[in-house]
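First up is the structure itself, then whatever we jot down about it.
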Amino acid sequence: MEDIMPLPHFLIMILAVILTGGLTIWAASAAGVPLFALGLLVLLAAAIAHLSTHDHRS
C-alpha cells in the first residue's frame with residue numbers, strides 16, 4: 001500500500017502555498033513592480049523549471 005499524505009498536512013501545505021503567493025504579490029506591489037512584469041517573471045521561471053526536469057533523450 002502506498003504512503004498517503006494525511007489530510008491536515010495536505011491542507012497546511014495548500015495554505016502555505018496560497019499565503020506565500022499572496023505575500024509575493026503584496027511584496028512586489030509594495031516594491032513598485034508592475035503586475036505584468038511579475039507575471040512574465042513567474043512564467044519564465046515555470047518554463048525553466050519545466051524544461052530542466054525533462055529528459056531530452058529521444
Side-chain angles (χ1 to χ4, degrees):
M1 181 175 213
E2 295 181 25
D3 290 329
I4 300 175
M5 181 183 297
L7 183 60
H9 292 154
F10 176 73
L11 294 176
I12 290 170
M13 184 179 66
I14 295 295
L15 179 64
V17 168
I18 291 171
L19 289 177
T20 305
L23 181 65
T24 302
I25 293 172
W26 174 80
S29 295
V33 177
L35 192 57
F36 181 74
L38 183 63
L40 284 178
L41 183 64
V42 169
L43 187 61
L44 178 64
I48 291 171
H50 175 76
L51 292 174
S52 67
T53 59
H54 279 12
D55 186 11
H56 294 291
R57 290 179 283 169
S58 295

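Since the model is a prediction, treat every value here as computed from it, not as a measurement.
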In one Ile/Leu/Val/Met/Phe/Trp/Tyr side-chain cluster, 4.5 Å: Leu43, Leu38: no
Transitively linked via ILVMFWY side-chain contacts under 4.5 Å: Ile14 with Leu11? yes
Atom CG of residue position Leu35 - does it have more than 12 heavy atoms of other residues, nucleotides or ligands inside 6.0 Å? no
Do Leu40 and Leu44 pass the side chain to side chain contact (heavy atoms under 4.5 Å, CB included) test, and can you show the C-alpha distance, the side-chain angles, and the key distance before you say yes or no? CA-CA 6 Å; Leu40 284 178; Leu44 178 64; over 6 Å; no
His50: ring-ring contact (aromatic ring centres under 6.0 Å, His included) partners, not counting sequence neighbours: His54
Specify the closest pair of heavy atoms between Ala49 and Thr53, including all atoms of both residues, with the distance to one decimal. O-CG2, 3.2 Å
From Leu19 atom CG to Ile12 atom CD1, the distance as rounded to the nearest 0.5 Å: 11.5 Å
Linking I/L/V/M/F/W/Y whenever their side-chain heavy atoms sit closer than 4.5 Å, directly or via other members, would Leu7 and Met5 fall into one cluster? yes
Inter-residue atom distance Thr20.OG1 - Leu15.CG, 0.5 Å rounding: 9.0 Å
Who are the side-chain contact (heavy atoms from CB on, under 4.5 Å) partners of Ala27, not counting sequence neighbours? none
Are Ile18 and Met13 in one and the same hydrophobic cluster, where Ile, Leu, Val, Met, Phe, Trp and Tyr link if side-chain heavy atoms are under 4.5 Å apart? yes
